[in-house]
Structures are given as C-alpha cells and as structure tokens.
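Below is one structure, written out as structure tokens, with a few remarks after it.
Basis for what follows: all heavy atoms, side chains included, without hydrogens, waters or symmetry-related copies. Keep in mind that this is a model prediction, so the values were computed, not measured. Counting starts at 1 for both ligands and their atoms, following the listed order.
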Amino acid sequence: MNYTVPDSGLTSLSAAELAEKIHSREVTSREVTQAHLDRIAETDDQVNAFLYVGAEQALAAADAVDASLDQGEAPASALAGVPLALKDLLTTTDAPTTAASKMLDGWMSPYDSTVTAKIRAAGIPILGKTNLDEFAMGSSTENSAYGVTRNPYDLERTPGGSGGGSSAALAAGQAPIAIGTDTGGSIRQPAALTNTVGVKPTYGTVSRYGLIAAASSLDQAGPTARTVLDTALLHEVIAGYDSFDATSVNRPVAPVVAAAREGANGDLSGVKVGVVKQFDRAGWQPGVMENYHAALRQLTEQGAEIIEVDCPHFDDALAAYYLIMPCEVSSNLARFDGMRYGLRAGDDGTRSAEEVMSLSRAEGFGPEVKRRILIGTYALSVGYYDAYYLQAQRVRTLIAQDFAAAYEKVDVLVTPTTPSTAFKLGEKVSDPLEMYNFDLCTLPLNLAGLCGMSVPSGFASDTGLPVGLQIMAPAFFDDRLYRIGSAYEAGRLVP
Ligand code: GLN
C-alpha cells in the first residue's frame, strides 16, 4: 500500500500552491484543512505521525481565515489558511503537550510557545501535534512513549528522529508544512529519510520560548515542507527576535523567501561549494555515496565550483555532542519532579517528597531519557567535570574553528545528511551507540550554532529509499541554504 503524497487532490499540492488557491478564493481554507484531516484519518493508523489531532480547532482557525478573506482583507501571511503539523515539543494552550513522554501525559500548557503564537497570528490552522522521540532524544521516533512512527515510503522502516512525526506527516500528504526541532539533527535527518526538506535555522534566530528544553545551547525549532520555497515561507513566519528567549538574537531575519525564489533559476555560477573530506566515506551505504557524488556533479553542471575542505575535528563531534547534550539534559529535566506538573507517582500520603520524586521520575521517563540523565550527571560531577564536560566544550570550540576556516574558502559546505537510508524499525534500538552514530553528519553544525538544510536528492539505487543532501551555511546566512537548496531542487527537476 502506498502511504506517500497522493497524485492528485488538495493534499498533493505544495503550500505555495494551496496559499495561492485560498487567497484567490478558488478554494477555502476549510476545504484544504478538511482534506488534510481526511488524509490523516485515512492513513494515520498505519503511519502514526500524530499524537493529537485537533480537528475542531483547525477548522475554526480555517473559518476565521476564510471569513477575513471574504471580507476583502489581505491575508495575514503568505501561508494564511494553509494547515500545519506541529511537533509535540512546542507548547499549545488548546491541545496537550507531551514531548512524547509519559511524564507529561495529558499536560495542558498555560501558554503558547512563541512559534505557536506566530503560527496562529499568521492565520495557519494547526492540524495537531506530531510524534517524536521522548523529549527529542533519539534518531528514529522509536523512543516515543506513544508508539513508533512509520516511514510512509516503507512502513517497516523508521522515518528518522527525533521529529519523525512531522516528516512522516509531510511525506504522507497529511500536512503540507510542519514544524520540527533540531538539537543534533532532528529536523534534517528525518527530512532526508522521507524525501522532504528540513532546515535547522541559525541558533538564536527562532525563539525557544515554549520549546521544551532538551539541550538549551543546541535546541532550535525550524521549518519543514516538501519544497524549498514552502520551507522558506514557513521560516519567515517563525523566525525573529523574541524578548522571552534570552538567547534570541536581535537582527533582521535573513531574506530566505527571496533566496528560494532566486535559486529557482538553477544558476549556481560563482558559488563555491565545499565538500567535507571527512564525510565522504567508503564505508557508508554505497547507494547513498553514489547519490551524493551524482549530486556534486549536478551542482558542478549548474555552475558551482566544488572545493574539498578539511574539517579535522568533525569526527569528534559525535563524542562531544553526546557529552554536552546529556549534561544539559540532566540539568533541564530536573524540573520534572512530579511536584509542580506532570506525572506524580506513589504519593499515597506515607512517602517523603524525595521518594515521590524518585518514583515519579522512575515511572515517567523512558530508558533513553534516563540514560542521558545518568551520563550527564556523571560527566558534570566533581572529579569528572574537567575530563568530560570541559574537554567536550574544548572540542566544540575546535569544531567551530573548523567551520570558520572552511567558510573563508567556500560559501556553503555539503555532506550526505545521513550515512544510510531509512533503517528498519527495531534495527538499532538495542544498541544506543549505533543509533548515535547515525547523526554523525548533522551534529557538527549544532555544536557551532550554524544553520543547515537537508534537501531531497532522489532515491538510493540499492535500497530505493529517499536520500538527502545536507547544505550547511555560516551563522545568519540562512538565505544561502535556500538559494542553493532551491537551485539544486530545480536542477533535479530537469530530466
Ligand atoms: N538524535 C540526536 C539525539 O538523540 C538529535 C536529537 C535532536 O536533534 N533532537 O540527541
């Protein structure tokens, strides 16, 4: 059975096409929203992309857009009326926010995340909340407390993670646009595995207010869609300074939509594309590497100059990330203590607060979250702090320096997004290190706070499954991702 985007009908169209039809009143936002709700009803018992579907709220938001357009008002944004899927790590006042954890089962947030608020203000109906690895820790969505999400291209396989729900929703035609979050690859990696586009914006450019924190120095919400232009349109809706986020950067949003439109002419003359030597490996899946080298040839044909660059510390990103990330997790997740909100276990009136906290955390968190809390607590403890946490921070600086040196020579860097196409569900769950290894290519730029995109690169000849090309740009040059990603996408459309 085929669970990917239908060939015809409203759920087959891009967000830009849908917006055009809605704004010209050819169709209503209600019709478009209902079509996606129907598609979810048809397919989601198999795909399991959604943890919660908010049909009523979505239709009410659609009706509000239709009413304002009927009165001749200008659309609230370029995407007004086009429905969206929201990763369940961002708070919403009208739907539960769970982070795919038992710890927050049924929890209703008293406030909307800034990203949620911007989406609402842009007139974008929210279809529901999508599945993820618990607290965004994982690479396959198998760590969700509410069941795995399946890859619409092969239901036996993972859609990637942690944002497998959002990417699978796009690939299945359940939503034309979706929000993800990316701490070490959770937007780009699932995008690569589902033939969709995903962007990790520059750290500090999209507010983290109301994004449930995993690792605060790395987390960033970002846009996902099936085309580069749709991703750019959503990027402009969610980006911008927010005084509620202390790490928010007060500078103008990069002109990503203009860049996506400009890139559509396919011309890359004068663009210098750096190929990361460390991430061109013989041992990786042959079909992925073959696809990657074909992508490089295509970029050359489009006028780009390919330059090999050496990033000697990229290989250390994995070790550094899997120390820094758990350290921040161990601190951030201390708030889930069963006292103030979320699950409380064993509180029968006989136990001390400490016992109740301990029982609540034992019951509320899954094994991967516990593993990270333990690793992080250990690495931050007196006696190990210097050897682990501090050392990892030093490596982080070296990685940032590698990037800085590379960007003196090139405009962007490219790598395959993942070392293989989608793996089978269950294949890596018993081996955390194998799972961590899958993020090799996506982690470095989070450590350096830069931006990156995974853009569809066709299908691997050996597995027949989707492959992604990762494009990485310097901080605040998110527009370069869109210009080059859009050109690459346009080039691929030429037979
Ligand atoms: N897979 C990585 C991890 O498990 C990245 C997760 C993410 O980006 N949220 O930490």
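The protein heavy-atom contact nearest to atom 5 (C) of ligand 1 is Y321 OH, 3.3 Å. Scanning the protein for heavy atoms near atom 7 (C) of ligand 1, the closest one is S186 OG, 2.3 Å.
One option in D439, L443, T442, D219 has a heavy atom closer to atom 1 (N) of ligand 1 than any other, and that option is D439.
For a threshold of 3.5 Å applied to N or O pairs, the pair formed by G161 and ligand 1 contains no separation below that value. No N or O atom of K87 sits closer than 3.5 Å to an N or O atom of ligand 1. Between M325 and ligand 1, no N or O atom pair is found at a separation short of 3.5 Å. The shortest N or O to N or O distance between M137 and ligand 1 is not under 3.5 Å. Not one N or O of D182 is nearer than 3.5 Å to an N or O of ligand 1, by distance alone.
Put simply, CD1 on I177 and CG on L234 are 5.0 Å apart, with the number rounded to the nearest 0.5 Å. Note that the OG atom of S101 and the CD atom of E134 stand 3.5 Å from one another [nearest 0.5 Å].
Of the listed residues (T415, T442, T417), just one forms a side-chain hydrogen bond (donor to acceptor under 3.5 Å, both in side chains) with Q470, and that residue is T415. Checked options L323, L443, L433; the residue passing with L318 is L443 (criterion: side-chain contact (heavy atoms from CB on, under 4.5 Å)).
Classification of D182 and K87 as a salt-bridged pair fails, no side-chain N sitting under 4.0 Å from a carboxylate O. In this structure, D94 pairs ionically with R120, as a charged nitrogen and a carboxylate oxygen lie closer than 4.0 Å. The existence of a salt bridge linking R371 and E368 is confirmed by a sub-4.0 Å separation between a basic side-chain nitrogen and an acidic carboxylate oxygen.
Only the side chain of Y322 comes within 4.0 Å of ligand 1, counting heavy atoms alone; its backbone N, CA, C and O stay farther away. Within the 4.0 Å heavy-atom criterion, the part of S162 lying near ligand 1 is the side chain and not the backbone. Under 4.0 angstrom from ligand 1, there are no non-hydrogen atoms of Q220.
Under the 4.5 Å side-chain criterion, counting only non-hydrogen atoms from C-beta, Y482 is not in contact with P255. The side-chain heavy atoms of F476 and P474, taken from C-beta on, include no pair separated by under 4.5 Å.
Residue contacts with ligand 1 do not include A214, since none of its heavy atoms lies under 4.0 Å from the ligand. Distances shorter than 4.0 angstrom do not occur between any heavy atom of E368 and any atom of ligand 1.
Here the side chain of T202 pairs no donor or acceptor atom with the backbone of A475 at under 3.5 angstrom.
Shown in contact with G138 at under 4.0 Å from a heavy atom are these atoms of ligand 1, numbered in order with element: 1 (N), 2 (C), 3 (C), 4 (O), 6 (C). Atom numbering of ligand 1 starts at 1 in the shown order; those under 4.0 Å from a heavy atom of G184 are 5 (C), 7 (C), 8 (O). Against a heavy-atom cut-off of under 4.0 Å, A136 is close to the following atoms of ligand 1: 6 (C), 7 (C), 9 (N).
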